[in-house]
Amino acid sequence: KHDDFKAEAVYVATWENVPNYPDGSFFYSDEKSDLRNTFQAALITDFTDTFMIYSYLNIEFSGRQSAVIGYTAGDGFQFFNQPGSQTDAISQIGQVKTGNYKGMLFFHLTPTVMVESKADFQCREWYCKDRDRFGEHAHWMNFLVPCPWTIFHAQLDSRYIPVSSSKHGRCYIQRFPRVVFVDGELLTPETECCYQFIWLNFGSPFGGSSSPFHRFSFFQLQHQYHSQLTLQPYEWCCLQSRNCHLYFERRPSSSTWFYWPPGWGWFFGDPHVRTMDGKSY
């Protein structure tokens, strides 16, 4: 209850006698084209708390594609779908009672204080430790190789190999790790290039990510570091929490700048090889 709430602004929208889309168009025939819906939405706020009231005066159909009733903040996380949405049962929404009110729904839209999840904590802890280890601007990023221009270039360039990934699309990494020493530490930087259809995905959340540790490094410890300090943080930051921007700040996508596909090489003549015993091949 909000007994001390006093509205400062109200916005009301009314949909009166709305027909069922497309209401018997050239491509569709609709036996229910005479049915109509009338409903109303009222947005009420005191600039601290905000409420939404839906009123369903007359509901005669639920739509060709079953309707969804509720609200969303548009970020994919803060939303609510009324039970019965996307089913034929939603056409009975006018009979639903909230307290003493029939055909009315009340929603409190003001977000509550979010409690940090375990994944939030793990992501931020990893972010701070990684920044302490490599600095604000990690020098190992200077040794990243560029990504091929398109997925076709990645497929044809033998310097890159496909890898499994929790990201969307298909991903490739450079076949052989580069061994570098950065601030006295041995590293094998890896570039991951992920493609959606043809083109390169870049940045949060589905772009490829770089790593100071190559997953197929000759050094076993580098392989373990890649799993613990690149793959696992992606799970914490991008899949289990909303901190993907922190992950890509420390593990950014590589671009296609300075990429050049390998050229063709030609040779001719026979024999090509002569062994020490005098035989030609």
Side-chain angles (χ1 to χ4, degrees), residues 1-21 35-128 131 168 203-207 233-250:
K1 292 183 177 181
H2 298 266
D3 296 332
D4 57 345
F5 178 81
K6 183 178 180 181
E8 295 289 342
V10 178
Y11 174 81
V12 179
T14 302
W15 292 263
E16 185 174 4
N17 293 324
V18 179
N20 189 11
Y21 179 83
L35 302 182
R36 296 292 185 267
N37 285 349
T38 297
F39 52 97
Q40 186 180 79
L43 191 64
I44 308 167
T45 183
D46 63 356
F47 303 110
T48 299
D49 277 331
T50 301
F51 298 87
M52 174 70 78
I53 301 176
Y54 291 135
S55 301
Y56 297 94
L57 177 63
N58 183 48
I59 302 298
E60 297 181 346
F61 64 88
S62 60
R64 184 176 299 280
Q65 294 180 342
S66 298
V68 176
I69 293 176
Y71 62 85
T72 177
D75 57 5
F77 296 96
Q78 301 178 74
F79 66 91
F80 173 79
N81 290 343
Q82 178 71 14
S85 292
Q86 294 185 307
T87 70
D88 290 337
I90 205 66
S91 62
Q92 303 300 314
I93 193 67
Q95 307 302 316
V96 173
K97 293 190 67 174
T98 303
N100 296 324
Y101 301 95
K102 185 178 179 180
M104 300 182 70
L105 300 177
F106 299 83
F107 298 107
H108 186 198
L109 302 184
T110 306
T112 57
V113 177
M114 296 184 64
V115 179
E116 186 177 55
S117 68
K118 182 179 179 180
D120 277 310
F121 174 79
Q122 290 171 317
C123 175
R124 294 180 185 278
E125 183 182 40
W126 163 80
Y127 174 87
C128 294
R131 186 173 56 183
H168 285 242
S204 172
F206 303 128
Y234 179 80
E235 299 281 334
W236 294 333
C237 299
C238 296
L239 301 183
Q240 300 174 11
S241 72
R242 299 165 58 188
N243 298 300
C244 214
H245 61 289
L246 297 180
Y247 177 82
F248 276 91
E249 183 179 324
R250 304 305 305 172

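Because only heavy atoms are used, hydrogens play no part in the values below, and waters and symmetry mates are left out as well, while side chains stay in.
The only option from Arg124, Glu125, Lys118 that meets the side-chain contact (heavy atoms from CB on, under 4.5 Å) definition with Phe121 turns out to be Glu125.
Taking every heavy atom of both residues into account, Arg36 and Glu60 meet most closely at N-OE1, 2.7 Å. Pairing each heavy atom of Arg131 with each of Arg250, the nearest pair is CA-NH2, 3.5 Å. Taking all atoms of both residues into account, the shortest heavy-atom contact from Ala119 to Gln240 is CB-CB, 3.6 Å. Trp236 and Ser241 get closest at one heavy-atom pair: O-OG, 2.6 Å. Contact detail for Arg242 and Asp120: the closest heavy-atom pair is N-OD1, 4.4 Å.
Other residues, nucleotides and ligands contribute over 12 non-hydrogen atoms within 6.0 Å of the CZ atom of Phe106.
Below 30°, between 30° and 60°, or above 60°: for His108 and Phe51 the angle between ring planes is below 30°, a parallel geometry. Using bins of under 30°, 30° to 60° and over 60° for the plane-to-plane angle, the ring pair Phe39/Trp15 lands in the parallel bin.
Rounding to the nearest 0.5 Å gives a distance of 10.5 Å between CD of Gln82 and OH of Tyr71. Rounding to the nearest 0.5 angstrom, the gap separating the CG atom in Leu35 from the CD1 atom in Ile59 is 11.0 Å. To the nearest 0.5 Å, atom CG of residue Leu246 and atom SG of residue Cys128 are 8.5 Å apart. For the atom pair CE (Met52) and CG (Leu105), the distance works out to 11.0 Å, reported to the nearest 0.5 Å. For the atom pair SG of Cys123 and OH of Tyr234, the computed distance is 12.0 Å after rounding to the nearest 0.5 Å.
In terms of the ring-ring contact (aromatic ring centres under 6.0 Å, His included) criterion, Tyr127 has no residue partners (sequence neighbours excluded). Shown here are the side-chain hydrogen bond (donor to acceptor under 3.5 Å, both in side chains) partners of Glu8, two or more places apart in sequence or in another chain: there are none.
The SG atoms of Cys237 and Cys244 do not lie less than 2.5 Å from each other.
The six-membered or imidazole ring of Tyr247 lies near that of Trp126, with a centre-to-centre distance under 6.0 Å.
Inspection of the Asn58 and Asn37 side chains reveals no N or O donor paired with an N or O acceptor under 3.5 Å.
By the 4.5 Å heavy-atom criterion applied to side chains, Val18 and Thr38 are not counted as neighbours.
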For this session: Check step by step if side-chain contact (heavy atoms from CB on, under 4.5 Å) holds for Asn243 and His245.
Result: CA-CA 5 Å; Asn243 298 300; His245 61 289; 4.2 Å; yes
Exercise. side-chain contact (heavy atoms from CB on, under 4.5 Å) between Ile69 and Tyr56: does it pass, once the steps are laid out?
Worked result: CA-CA 11 Å; Ile69 293 176; Tyr56 297 94; 3.1 Å; yes
Name every donor-acceptor pair, under 3.5 Å, that has one atom in a side chain of residues 40-48 and the other anywhere in the protein, sequence neighbours excluded.
{"unit_1": "Gln40", "atom_1": "NE2", "unit_2": "Thr14", "atom_2": "OG1", "d": "2.9"}
{"unit_1": "Thr45", "atom_1": "OG1", "unit_2": "Phe47", "atom_2": "N", "d": "2.8"}
{"unit_1": "Thr45", "atom_1": "OG1", "unit_2": "Asp49", "atom_2": "O", "d": "3.0"}
{"unit_1": "Thr45", "atom_1": "OG1", "unit_2": "Thr50", "atom_2": "OG1", "d": "3.1"}
{"unit_1": "Asp46", "atom_1": "OD1", "unit_2": "Thr48", "atom_2": "N", "d": "2.8"}
{"unit_1": "Asp46", "atom_1": "OD1", "unit_2": "Asp49", "atom_2": "N", "d": "2.6"}

